[in-house]
Amino acid sequence: MTHSLRIPDLTIPARPAAGTGWSAGVGPGDAGDAAVADVDVIRVRGGARLAGTVHVVGAKNSALKLMAAALLAPGRSVITNVPRITDIAIMGEVLRRLGCGVRFDVDDPVDPMVAVGGVARSRSVTIDVPEQPGVEADYDLVRRLRASICVLGPLLARRGYVRVAHPGGDAIGSRGLDMHISGLTRMGADISGEHGFVIASAPDGLHGAEIVLDFPSVGATENLVMAAVLADGTTVIENAAREPEIVDICTMLQRMGALIEGEGTSTITIVGVPRLQPVRHATVGDRIVAGTWAFAAAMTRGDVTVTGLDPAFLEVALDKVVAAGGLVETRADAFRVRMDDRPRAVDVVTLPYPGFATDLLPMAIGLAALSDGASLITENIFDGRFMFANEMMRLGADIKTDGHHAVVRGRERLSGAPVRATDIRAGAGLIIAGLCADGVTEVSHVHHVDRGYPDFVADLRALGIEVERATAPEEPELTI
Ligand code: EPU
């Protein structure tokens, strides 16, 4: 029955001429695209309380890399539980331009949201990888999806040459690539930068190496693992990232025939093999989306059950909710958060996994803004993550930032206002803060939210929130 549902295509709009309403899924570097553009806004009214059950589908930050990992084996790989978001559509396009066949279908199993009459938030993606995939990822896609850089490792391993546009920084920070580059160099690649591209070549193939990362970078760990699985010999990555998404990609690669040990710890050992097989793999649940709902329940003094992932992935975040006065119950693949009273102030420090996730920082600031007392929030991953604090201040939040610290003094209520989403997580955090603000809050540029949350509005409605999404014209450019 569900197969007869019409699921609108999640295709990437062709780039229109300036001034014709370019609004879908553009990244932070796109500000100058059009003199007059329409922006999508989400309006919420304060005083709402989230209650009910929400299911999270697969993690964006895993699915994007799983799609890139498919490049490692010629033939047909199928990845299920892929979130239906703009970033995934862009990654599909990146793979198509590399010569792959890419098809998005009804997910198997079908997203439970469909069973209650909603639109599916997950898809299965079938990727047909040619014997000789292309070797170039252009800036027009990479600037919209900086995670496109994750094709660097697999293409270098398969083709011995790759040219990927340098993604540059974005609204949360400067975001270097030095660890990707130095790790691949140790594996025998020759890497240079030219005309905005990272160009890597290893005509005689990559070889195993001992690599110590300066910092447990998620992206560098993924690129290096994907390069190492087809390299000649053994690669050891020390100070590797330990995120559940790293474990997910390693699990998929192991099923493809890769020899990997230590995933989920700081030392990953990979013994290269000559060839991998295509695979079918289900994406791990999205801990950041789940964490967003946990904080939303706490901020609105609600009662929310989240299904679709192992709550152990959110241990530190859920501990913070408990420290703030929330009641948290966990099961193997679900958790429930209830908050009855005004939250208490708690300090938060973001760190690589298993520490508190930087992607939940806007939610932690939102909670602190409403808590009884002052919270010290420290951001250790991205240098620009506090940029969105100015928007929270427009909602009346009392925030003082100094370098990578913020002191947030809680208030009983915030005050609704028009604000602007500056990135995916800031957008979600502002919408939730709006639920705790007097009057109406209108969050603009919510295409950022679409990049990471499949149908945020439908989920809010399922949790009892009245919410409106509309398209509003951006201010026209003034001339003189
Ligand atoms: N860094 C370097 N050099 C490198 C690599 C990283 O200086 O070679 C720095 C970055 O500039 C940053 C820090 O190290 O300051 C962490 O970067 P990391 O490589 O760990 O992050 P990422 O792979 O670029 C992923 C997620 C982010 C998430 C971070 C941290 C994807 C597509 N993105 O980014 O998710 O915040 O890990 O957990 O997986 C989001 O989903 O909204 C998002 C930003």
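Everything numeric in this text was worked out from a predicted model, so none of it was measured. Start at 1 and go down the list; that is how both ligands and their atoms are numbered.
Heavy-atom contacts of K60 reach the following atoms of ligand 1: 40 (C), 41 (O) (cutoff under 4.0 Å). Heavy-atom proximity to A147, at under 4.0 Å, picks out these atoms of ligand 1: 32 (C). For ligand 1, the atoms closer than 4.0 angstrom to any heavy atom of L177 are 3 (N), 4 (C), 8 (O).
At a threshold of 4.0 Å, the pair D402-K400 does not count as salt-bridged, since none of the basic side-chain nitrogens sits closer than that to a carboxylate oxygen. The pair E379-R385 does not meet the salt-bridge criterion, since no charged nitrogen lies less than 4.0 angstrom from a carboxylate oxygen. Remark: R121 does not engage D286 in a salt bridge, criterion side-chain N to carboxylate O under 4.0 Å.
Closest heavy-atom approach to atom 12 (C) of ligand 1 among the candidates L360, I381, V289: I381. Between N61, T221, V218, it is V218 that holds the heavy atom closest to atom 18 (P) of ligand 1. Remark: among candidates A357, C150, G176, the nearest residue to atom 4 (C) of ligand 1 is G176, based on non-hydrogen atoms.
Remark: the T471 side chain and the D40 side chain contain an N/O donor-acceptor pair separated by less than 3.5 Å.
By the 3.5 Å distance cut-off applied to N or O atoms, G219 is counted among the residues near ligand 1. By the 3.5 Å distance cut-off applied to N or O atoms, E243 is not counted among the residues near ligand 1. For ligand 1, the polar-atom distance check against T358 finds no nitrogen or oxygen pair separated by under 3.5 Å. The shortest N or O to N or O distance between E222 and ligand 1 is not under 3.5 Å. In terms of polar-atom proximity, defined here as any N/O pair under 3.5 Å, I172 makes no such contact with ligand 1.
Contact annotation: for D359 versus ligand 1, heavy atoms closer than 4.0 Å belong to the side chain alone.
The closest approach between a heavy atom of R451 and any atom of ligand 1 is not below 4.0 Å.
Of the candidates R159, R97, R163, E136 forms a salt bridge (Lys or Arg N to Asp or Glu O under 4.0 Å) with just one, namely R163.
For atom 7 (O) of ligand 1, the closest heavy atom belonging to the protein is D178 OD1, 3.5 Å.
Judged by distance alone, the side chain of T283 and the main-chain N or O of T80 form a donor-acceptor pair under 3.5 Å.
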